[in-house]
Amino acid sequence: MSETDRSLSTTPRLYVTDALAEGSVITLDQPQSHYLGSVMRRQVGDIVRLFNGRDGEWACAVASVARKAVTLTARQQSAPQENVPDLWLCAAPLKKGRIDWLVEKACELGVARLQLVTTQRTVVDKPKLDRLTAHMVEAAEQCGRTALPELPEPVTLDRLLRDWPQERALIFADETGGEAMTAAMARAAAPAAILIGPEGGFTPAERDAIRALAAAVPISLGPRILRADTAAIAAVAVWQAINGPA
Ligand code: SAH
């Protein structure tokens with residue numbers, strides 16, 4: 001198949017960490033080389049789309065194919081770097097499976113940063129950030145995204161509140177009640193953050209500490225208690241519908 005036979009929308013898309021500019025030469029790592037060469041059977045001259053989270057998406061031509069290392073040359077930018085609304089999702093770590101789902105969906109919906117926050121009732125061990133990053137990369141590759149959320153090391157709730165940047169609205173999903181979310185979110189445009197508790201919820205002392213912050217906007221997600229992963233994704237989707245670009 002020639003380059004022109006294959007529309008850009010069906011060409012493989014891969015995330016790389018190298019810089020992308022006209023003429024850049026990129027060497028894929030071993031798993032990606034295997035995927036492109038052996039699974040997708042791409043050959044020299046074929047076009048692949050690469051993105052790195054910074055330089056937009058680039059149409060790149062396969063320059064050489066070896067079992068362990070496929071190289072490509074960047075031809076032209078095929079999509080500009082997207083603008084992600086300045087929304088953070090601050091959520092307590094959840095057990096494996098649920099947290100994997102949460103990071104994948106947060107990446108698809110578009111958050112600028114996913115900050116894991118440990119609270120008094122957080123019961124899971126330190127999440128494996130490598131695994132979570134891999135889920136975000138896979139979601140971004142599939143969904144045509146050019147940006148990945150930042151994923152810093154987890155922080156404690158105390159630390160998060162102590163260092164809170166006051167200009168950023170802290171939309172606090174309080175399962176014990178708060179303002180209706182649509183009205184509250186309309187007042188909490190970017191820069192903003194959504195805070196979701198662990199499966200066990202926040203302690204009363206934690207809720208008081210969060211509410212004491214001037215930037216806090218306590219909201220209810222409705223009369224039904226949601227699991228933490230559902231609450232996080234519902235809140236991000238509503239915020240994006242109200243404040244994100246169409
Ligand atoms: N175990 C708690 C529920 C925790 S739900 C209880 O029984 O009350 C986990 C997190 O999801 C909560 O800390 C909150 O941040 C969010 N959440 C779930 N349902 C919510 C709702 N109806 N309104 C606001 N936040 C909600």
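When a ligand or atom number is given, it counts from 1 through the structure's own listing order.
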**OP:** Go through the steps to decide whether Trp239 and Trp88 satisfy the test ring pair (Phe, Tyr, Trp, His ring centres under 6.0 Å), and finish with yes or no.
**Re:** CA-CA 11 Å; Trp239 188 93; Trp88 297 354; over 10 Å; no
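- Using a 4.0 Å cut-off between charged side-chain N and carboxylate O, Glu141 and Arg13 make no salt bridge.
- Remark: atom 13 (O) of ligand 1 lies closer than 4.0 Å to at least one protein heavy atom.
- Among protein heavy atoms, the minimum distance from atom 16 (C) of ligand 1 is reached at Ala231 CB, 3.6 Å.
- The nearest heavy-atom contact from the protein to atom 10 (C) of ligand 1 is Gly197 O, 3.6 Å.
- When the heavy atoms of Ile225, Leu221, Leu94, Asp229 are ranked by distance to atom 23 (N) of ligand 1, first place goes to Leu221.
- Close N/O approach between Ile196 and ligand 1 is not found [any backbone or side-chain N/O within under 3.5 Å].
- Heavy-atom proximity to Gly200, at under 4.0 Å, picks out these atoms of ligand 1: 1 (N).
- Of the polar atoms of Gly222, at least one N or O is found under 3.5 Å from an N or O of ligand 1, judged by distance alone.
- Near Phe202, meaning under 4.0 Å from one of its heavy atoms, ligand 1 places the atoms 13 (O), 15 (O).
- Side-chain contact between Ile194 and Cys90: absent, with no pair of heavy atoms (C-beta onward) separated by less than 4.5 Å.
- At under 3.5 Å, a nitrogen or oxygen of Ala173, whether backbone or side chain, sits near a nitrogen or oxygen of ligand 1.
- Taking the centre and axis of the six-membered ring of Trp58, the NZ or CZ atom of Arg49 falls outside the cone set by 45° and 6.0 Å.
- At least one donor-acceptor pair closer than 3.5 Å links the side chain of Asp46 to the backbone N or O of Gln43.
- Put simply, the side chain of Glu138 never gets that close to the backbone of His135: no donor and acceptor are under 3.5 Å apart.
- Of the charged side-chain nitrogens involved, at least one lies within less than 4.0 Å of a carboxylate oxygen, so that Arg211 and Asp174 count as a salt-bridged pair.
- The closest non-hydrogen atom to atom 22 (N) of ligand 1, taken over Glu175, Glu206, Arg224, comes from Arg224.
- With respect to atom 9 (C) of ligand 1, the closest heavy atom belonging to the protein is Pro198 O, 3.1 Å.
- Lys105 has no carboxylate O lying under 4.0 Å from a charged side-chain N of Asp229, or vice versa, which leaves the two without a salt bridge.
- Ligand 1 lies nowhere less than 4.0 angstrom from a heavy atom belonging to Ala235.
- Annotation: atom 4 (C) of ligand 1 to nearest protein heavy atom, Glu199 O, 3.3 Å.
- Residues Glu199 and Lys95 are not paired through a salt bridge, judged by the lack of any N-O separation under 4.0 Å between the basic side chain and the carboxylate.
- Scanning the protein heavy atoms around atom 5 (S) of ligand 1, the nearest turns out to be Leu226 O, 3.2 Å.
- Neither the backbone nor the side chain of Ala232 has a heavy atom within less than 4.0 Å of ligand 1.
- Remark: Asp100 does not engage Lys96 in a salt bridge, criterion side-chain N to carboxylate O under 4.0 Å.
- Only the backbone of Asp174 comes within contact range of ligand 1, with a heavy atom under 4.0 Å; no side-chain atom does.
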